[in-house]
Amino acid sequence: MIAEEYKDIAPYEDEEFARNMERLVSDPGFENAIGYVLPGTDFGQLVNQLRRITNKNDFQKQIMISILRRLEDGTTAGVTDSGMENIDASQSRLFISNHRDIVLDASFLGLVMIRRGLPAQEVALGDNLLIYDWIEHLVRLNKGIIVKRNLRLTKALEAAKQLSGYIHYCIGEKKESVWIAQREGRAKDSNDVTQESVLKMLALGGNADNIAGRLMELNITPVAISYEFDPNDYLKATEFLARRRDPEFKKSQRDDLRSMETGILKYKGKVHFSICRDINPDLAPMLESTDKVETVRHVCAVIDKAIHSNYMIYPVNYYAFDKINHTDRFAAHYSAEEAEEYDRYFNGQLDKVRLEAVSPEERQFMYDTMLNMYANPLRNKLAATGEN
């Protein structure tokens with residue numbers, strides 16, 4: 001049984017699974033979403049199948065994996081992985097990854113794990129994404145952990161302690177692995193840097209006497225996620241321009257929902273997950289340190305280097321790097337035909353922008369913004385591997 005203090009953020013327990021599944025399938029919004037994401041699905045037949053499921057693991061294996069395979073077949077050129085030799089199946093762990101897609105980063109990681117004969121991990125997701133009740137039910141039926149956002153200072157500290165306590169409890173007591181992004185929200189420019197606040201939150205829980213020891217209890221395992229194409233690239237470029245025009249610009253719930261829909265349904269090309277070794281050997285020397293600031297910065301740097309070093313770099317990344325830097329340094333990695341194809345791709349994406357009165361200068365700004373999104377993984381990999 002999950003401790004009462006974690007009930008409002010933890011995935012639904014199997015004892016309450018059937019009741020909450022009924023709440024999900026009875027919501028008209030869920031039926032509309034299934035029709036949109038999986039057109040042609042016999043909803044009545046799906047509901048009958050869902051009502052026969054009694055626990056989260058069966059839900060993932062019987063339903064969610066089938067849906068993810070359909071999305072893989074329809075919207076990617078394949079989901080691949082490397083580094084599984086770094087996983088000790090007898091140990092639960094905290095996967096920390098860069099963040100590209102709101103929904104599919106953790107979902108495809110779960111697909112990778114199940115394909116390899118391992119259980120899918122629990123997933124930490126911000127409550128800003130729980131726009132409708134049925135989304136929260138689906139998330140918590142599917143091993144989702146709720147991260148409370150946008151709270152006042154006192155409440156934010158309480159929520160951070162609760163989340164940290166649950167993640168430690170999940171890994172140490174439940175023996176379930178967990179996924180969390182290295183930062184709050186996605187790195188819109190693909191310049192992935194671990195936020196110190198994430199590690200400070202994780203260090204609030206645990207039993208050790210210092211930060212390094214409490215983080216070691218989590219068996220932190222970095223994961224580098226590489227999408228060949230980001231279907232949300234033009235939406236991110238739009239947001240950059242909107243903020244350039246108005247520094248006070250804030251996205252709406254509808255913007256978040258559109259990003260979720262676009263990321264799930266549109267083409268992503270190749271998708272790769274690189275599983276790194278856990279960072280405990282890098283933390284051990286910090287066990288005697290009493291400098292909390294130094295420890296957190298050291299751990300951030302270790303995670304960043306692991307992720308940056310293990311990106312899968314695609315021809316489009318090499319092209320974007322050369323284009324934005326006005327060089328042909330990596331011209332051997334893409335053909336002239338591919339260069340023309342990528343230019344058409346970027347301009348085609350920009351044609352989808354819905355902002356009014358976009359000037360030629362603003363369009364160029366968005367074009368360069370998109371180039372930087374695709375160039376930054378290569379920039380960071382070159383720096384991390386000493387190839388600059």
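Nothing fancy with the numbering, it's 1 onward along the sequence. As the structure is a computational prediction, the values presented were derived from the model and not from experiment.
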> Asp189: what forms a side chain to side chain donor-acceptor pair (under 3.5 Å) with it, not counting sequence neighbours?
none
> How long is the straight-line distance from CD of Gln60 back to CG of Leu68, given to the nearest 0.5 Å?
9.0 Å
> Among residues at least two apart in sequence or on other chains, which ones pass salt bridge (Lys or Arg N to Asp or Glu O under 4.0 Å) with Asp351?
Arg363
> Is it true that Arg329 and Asp322 make a salt bridge, defined as a side-chain N closer than 4.0 Å to a carboxylate O?
no
> Which residue pairs pass the ring-ring contact (aromatic ring centres under 6.0 Å, His included) test with at least one member in residues 238-263, sequence neighbours excluded?
none
> Checking Asp282 now: which residues fulfil side chain to side chain donor-acceptor pair (under 3.5 Å) with it, not counting sequence neighbours?
Arg277
> Applying side-chain contact (heavy atoms from CB on, under 4.5 Å) to Asn210 and Ser289, what does each step give before you reach the verdict?
CA-CA 8 Å; Asn210 65 8; Ser289 174; 5.7 Å; no
> Mind checking the CD-NE2 spacing from Gln182 to His99? Nearest 0.5 Å is all I need.
10.0 Å
> Would you please name every residue forming a ring-ring contact (aromatic ring centres under 6.0 Å, His included) with Phe321, sequence neighbours left out?
Phe330
> Atom NZ of Lys292 and atom CD1 of Ile211: how far apart are they, to the nearest 0.5 Å?
6.0 Å
> The criterion is salt bridge (Lys or Arg N to Asp or Glu O under 4.0 Å); which residues satisfy it with Arg297, sequence neighbours excluded?
Glu196
> For Ser164 and Gly205, which heavy atoms make the closest approach, and how far apart are they?
OG-N, 2.8 Å
> Is there a side-chain contact between Asp27 and His137 (heavy atoms, below 4.5 Å)?
no
> Hydrophobic clustering (ILVMFWY, side-chain heavy atoms < 4.5 Å, transitive) - are Ile63 and Tyr36 grouped together?
yes
> Can you measure from CG (Leu215) to CD1 (Ile220) and round to the nearest 0.5 angstrom?
4.5 Å
> Quick one: does Met113's side chain get under 4.5 Å of Trp179's, heavy atoms only?
no
> Who passes salt bridge (Lys or Arg N to Asp or Glu O under 4.0 Å) against Arg244, sequence neighbours left out?
Glu361
> Out of curiosity, Leu138 CG to Ile135 CD1, how far, rounded to the nearest 0.5 Å?
8.0 Å
> Take Arg245 and Glu362, measure what side-chain contact (heavy atoms from CB on, under 4.5 Å) needs, and give me the verdict at the end.
CA-CA 10 Å; Arg245 289 176 169 182; Glu362 287 178 325; 2.8 Å; yes
> According to the side-chain hydrogen bond (donor to acceptor under 3.5 Å, both in side chains) rule, which pairs have a member within residues 108-135, sequence neighbours left out?
Glu72-Arg115, Asp81-Arg116, Glu122-Tyr166, Glu122-Lys174
> Using side chain to side chain donor-acceptor pair (under 3.5 Å) as the criterion, list what pairs up with His298, not counting sequence neighbours.
none
> With Ser259, which of Ile264, Val103, Ile102, Leu129 fulfils side chain to side chain contact (heavy atoms under 4.5 Å, CB included)?
Ile102
> With a 4.5 Å cut-off on side-chain heavy-atom distances among I, L, V, M, F, W and Y, is there a chain of contacts connecting Leu204 to Leu283?
no
> Run the salt bridge (Lys or Arg N to Asp or Glu O under 4.0 Å) test against Asp246 and tell me which residues pass, sequence neighbours left out.
none
> Look up atom CD in Gln195 and atom CE in Met201, then write down how far apart they are to the nearest 0.5 Å.
10.5 Å
> Which pair of non-hydrogen atoms, one from Ile307 and one from Ala224, has the smallest distance, and what is that distance?
O-CB, 3.4 Å
> Please determine, by modelled atom types, if Gln162 and Asp8 share a side-chain donor-acceptor pair under 3.5 angstrom.
yes
> Check each of Tyr319, Tyr367, Tyr314, Tyr334 against Tyr342 using the ring pair (Phe, Tyr, Trp, His ring centres under 6.0 Å) test, and report the only one that passes.
Tyr319
> Write down the atom of Val147, the atom of Ala124, and the distance for their closest heavy-atom approach.
CG2-CB, 3.8 Å
> Is the closest side-chain heavy-atom distance between Met312 and Ser274 below 4.5 Å?
no
> Using side-chain hydrogen bond (donor to acceptor under 3.5 Å, both in side chains), reason through Thr369 and Asn372 one step at a time and then give a plain yes or no.
CA-CA 5 Å; Thr369 297; Asn372 274 310; over 6 Å; no
> Answer whether the closest heavy-atom distance between the side chains of Asp101 and Phe108 falls below 4.5 Å.
no
> Less than 4.0 Å between a side-chain N and a carboxylate O, is that true for Arg93 and Asp88?
no
> Quick one: side chain to side chain donor-acceptor pair (under 3.5 Å) partners of Lys143, sequence neighbours excluded?
Asn57, Glu176
> When hydrophobic residues are tied together by side-chain contacts of less than 4.5 Å, even through go-betweens, does Leu118 share a cluster with Val178?
yes
> Grab the two heavy atoms, one from Ile275 and one from Leu109, that are nearest each other, plus how far apart they are.
CD1-CD1, 4.0 Å
> Against Asp230, only a single residue in Lys236, Lys188, Lys266, Arg186 fulfils salt bridge (Lys or Arg N to Asp or Glu O under 4.0 Å); can you say which?
Lys236
> Under a 3.5 Å cutoff, is there a donor and acceptor pairing between the side chains of Arg379 and Asn191?
no
> Any ion pair linking Glu13 and Lys7 (charged N to carboxylate O, less than 4.0 Å)?
yes
> Is there a side-chain contact between Leu202 and Ile96, using heavy atoms and a 4.5 Å cut-off?
yes
> Minimum heavy-atom separation for Lys268 and Gly263, please, with both atom names.
NZ-O, 2.9 Å
> Under 3.5 Å, which donor-acceptor pairs link side chains of residues 37-45 to any protein atom two or more places apart or in another chain?
{"residue": "Thr41", "atom": "OG1", "partner": "Leu38", "partner atom": "O", "Å": "2.7"}
{"residue": "Asp42", "atom": "OD1", "partner": "Gly44", "partner atom": "N", "Å": "3.2"}
{"residue": "Asp42", "atom": "OD1", "partner": "Gln45", "partner atom": "N", "Å": "3.0"}

> Side chains of Tyr345 and Asp233: donor-acceptor distance under 3.5 Å anywhere?
yes
> Do Val299 and Val296 have side chains that get closer than 4.5 Å, going by heavy atoms?
no
> Please answer: with hydrophobic residues joined when any side-chain heavy atoms are less than 4.5 Å apart, are Met286 and Ile279 in the same cluster?
no
> Show the numbers, then the answer: is there a salt bridge (Lys or Arg N to Asp or Glu O under 4.0 Å) between Glu158 and Arg152?
CA-CA 10 Å; Glu158 290 175 3; Arg152 292 182 179 176; over 6 Å; no
> With a 4.0 Å cut-off on N to O distance, would you call Asp192 and Arg100 a salt bridge?
yes
> I want to check something: taking the side chain as every heavy atom from C-beta on, are Phe229 and Tyr374 in contact at a cut-off of under 4.5 Å?
yes
> If every non-hydrogen atom of Asp256 is compared with every non-hydrogen atom of Ile131, which pair is closest and at what distance?
CB-CD1, 4.3 Å
> Group every Ile, Leu, Val, Met, Phe, Trp and Tyr by side-chain heavy-atom contacts under 4.5 Å, then state whether Leu151 and Leu157 land in the same group.
no
